[in-house]
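I have placed the structure first, in the form of structure tokens, so that the comments after it can refer back to it.
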Amino acid sequence: ALLRDIKSQENAKKIAKEIAKSVSTPFNINGEKLNVSASIGISLYPCNKSLSSLLKAADSAMYKAKEAGKNRIYISLEAETQRISRDELP
């Protein structure tokens, strides 16, 4: 998802944590409990100057989150990608 009006890295983290928490609530479908997790990659503008670099950085952060395991969030800040600690996740 592309979110607008994100004012800071902390604001982006907060929204990502809320999404991860919402997705992690078990679903009940036809009497069966299903658990879902999210791997979230975040990229911020103007760290990434163009739409293509913004999406590419978010995609790269998401794949790093997937490689690290379930229910992870990574933020791409220019040339580096930072993991949000598991302690910070819901």
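Note that the numbering runs from 1 along the sequence shown for the chain.
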Might you point out which heavy atoms bring [X] and [Y] nearest each other, and give the distance in Å?
{"X": "Asn11", "Y": "Asp5", "value": "OD1-O, 4.2 Å"}
{"X": "Ala61", "Y": "Ile42", "value": "CB-N, 3.9 Å"}
{"X": "Ile40", "Y": "Ala16", "value": "CD1-O, 3.5 Å"}
{"X": "Gln9", "Y": "Ile75", "value": "CG-CD1, 3.8 Å"}

For the atom pair [atom1] ([X]) and [atom2] ([Y]), what is the distance rounded to the nearest 0.5 Å?
{"X": "Glu67", "Y": "Tyr74", "atom1": "CD", "atom2": "OH", "answer": "8.5 Å"}
{"X": "Ser76", "Y": "Leu54", "atom1": "OG", "atom2": "CG", "answer": "9.0 Å"}
{"X": "Lys14", "Y": "Ser8", "atom1": "NZ", "atom2": "OG", "answer": "10.0 Å"}
{"X": "Arg72", "Y": "Ser39", "atom1": "CZ", "atom2": "OG", "answer": "9.0 Å"}
{"X": "Ile15", "Y": "Leu3", "atom1": "CD1", "atom2": "CG", "answer": "5.5 Å"}

Hey, are the side chains of Phe27 and Val36 touching, using non-hydrogen atoms and a 4.5 Å cut-off?
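Yes, at least one pair of side-chain atoms sits under 4.5 Å.
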Is any side-chain heavy atom of Lys17 less than 4.5 Å from a side-chain heavy atom of Ile73?
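Yes, their side chains come closer than 4.5 Å.
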Cationic N near anionic O, under 4.0 Å, Lys13 to Glu10:
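Answer for the salt bridge query: yes.
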Please determine which of Lys64, Met62, Lys56 meets the side chain to side chain contact (heavy atoms under 4.5 Å, CB included) test together with Ser60.
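With Ser60 as partner, side chain to side chain contact (heavy atoms under 4.5 Å, CB included) holds for just one option, Lys64.
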Measure from the side-chain N and O atoms of Ser43 to the backbone N and O of Ala57, and report whether any donor-acceptor pair falls under 3.5 Å.
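No; judged by distance alone, with no hydrogens or angles, the pair does not exist.
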